[in-house]
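See structure below.
All values reported here derive from a predicted model rather than from experimental measurement.
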Amino acid sequence: MGRGRVQLKRIENKINRQVTFSKRKAGLLKKAHEISVLCDAEVALILFSHKGKLFEYATDSSMEKILERYERYSYVGRQQIALSETEFSQENWTLEYYRLKSKVELLQRNNSHYMGEDLDSLSVKELQNLEQQIDTALKHIRSRKNQLMYDSISALQRKERAIQEQNALLAKQIKEKEKSVAMAQQAEWEHQQQQHHGYSALSFLFPTPPHPSLNIGLASFEGNQ
């Protein structure tokens, strides 16, 4: 059976991790040297261990010269990428401008046609299509208008029912109030009647004596006679 693929992940055991680092480091440095010799390539390898120890390899031209060359190529590459992106962006903006300009012109032309203007350049078929589009638009407009009117009528009907219910409630409250007032007036009248009958009974039992002035006048009249 062939050897299965080993999943790459961090080695948890510290000793095993250090042994693997030493073996792989030696192999990596060997491969860097081989490719520089076999292919006449300039190779620079920088490696830091997990403890921060530096390991490096460079061909005969030295590490500094290779890094300087890398910086020059990297800078030129970034400039070229930036220039390409700028040119691409300008090109895109130009295309977008003409696309939007064409769209605006088309919308203006269609708007003029819908207003019944600039129709001389249209053929019979184009006029028929325009007429069909206008008829379809009118159907949608009428449908929407009818829907709005129906919704408005329904809302008014609901409001009318609410007002009628409110009026009925107020009428009921008024009737109850009038009944309560009438009952209070009736009770007050009955109370007054009871008091009146009580005074009449007392007057019958204890008549009110004549006023003194009336007695004096009566005596004078009798003396003269």
Rounded to the nearest 0.5 Å, how far does CZ of R142 lie from CE of M149?
-> 13.5 Å
same_hphob_cluster(L54, M63) at 4.5 Å side-chain heavy-atom cutoff = yes
Give a yes or no on whether I35 atom CD1 has more than 12 heavy-atom contacts from other residues, nucleotides or ligands under 6.0 Å away.
-> no
Pair Q132, Q128: side-chain N/O donor-acceptor within cut-off below 3.5 Å | no
Linked, directly or transitively: I46 and F55 (ILVMFWY side chains, under 4.5 Å) = no
If we only count heavy atoms from C-beta on, is the Q108 to S112 side-chain gap below 4.5 Å?
-> no
I15, CD1: over 12 other non-hydrogen atoms inside 6.0 angstrom = no
May I ask you to test the E34-K31 pair for a side-chain heavy-atom distance under 4.5 Å?
-> yes
Taking atom CZ of R24 as the centre, does the number of heavy atoms from other residues, nucleotides or ligands within less than 6.0 Å exceed 12?
-> no
Contact check, side chains of M183 and Q186, non-hydrogen atoms, under 4.5 Å | no
Could you grab the distance from atom CD of E42 to atom NZ of K65, nearest 0.5 Å is fine?
-> 9.0 Å
Could you walk me through whether E188 and Q185 pass side chain to side chain contact (heavy atoms under 4.5 Å, CB included), step by step?
-> CA-CA 5 Å; E188 179 67 21; Q185 291 177 349; 5.6 Å; no
Taking atom CG of N16 and atom CD1 of I11, what is their separation to the nearest 0.5 Å?
-> 6.5 Å
Does S22 have any side-chain contact (heavy atoms from CB on, under 4.5 Å) partners at least two apart in sequence or in another chain, and if so, which?
-> Q18
Does any N or O in the side chain of H113 come within less than 3.5 Å of the main-chain N or O of D118, such that one atom is a donor and the other an acceptor?
-> yes
Is there a side-chain contact between L106 and R109 (heavy atoms, below 4.5 Å)?
-> yes
Residue pairs, two or more places apart or on separate chains, that pass side chain to side chain donor-acceptor pair (under 3.5 Å) and touch residues 172-183 | none
L127 side chain near E131 side chain, heavy-atom distance below 4.5 Å | no
Flag yes if Y114 and V124 sit in one hydrophobic cluster, no otherwise; membership is Ile, Leu, Val, Met, Phe, Trp, Tyr, and two members link when side-chain heavy atoms are under 4.5 Å apart.
-> no
About how many Å separate CD1 of I153 and CD of E160, when rounded to the nearest 0.5 Å?
-> 12.0 Å
Donor-acceptor pair, S36 side chain versus H33 backbone, under 3.5 Å?
-> yes
To the nearest 0.5 Å, how far apart are NE2 in H50 and CZ in R10?
-> 8.5 Å
OG1 (T59) and CG (D40) are apart, to the nearest 0.5 Å, by 9.0 Å
If Ile, Leu, Val, Met, Phe, Trp and Tyr residues are connected whenever their side-chain heavy atoms lie under 4.5 Å apart, and connections chain through other members, are L67 and F48 in the same group?
-> yes
Are a donor atom and an acceptor atom from the side chains of Q147 and D151 found within less than 3.5 Å of each other?
-> yes
With the side chain counted from C-beta on, respond yes when R158 and R161 share a heavy-atom pair under 4.5 Å apart, and no when they do not.
-> yes
Under 4.5 Å between any side-chain heavy atoms of E105 and K101, yes or no?
-> yes
Counting heavy atoms not belonging to K25, are there more than 12 under 6.0 Å from its NZ?
-> yes
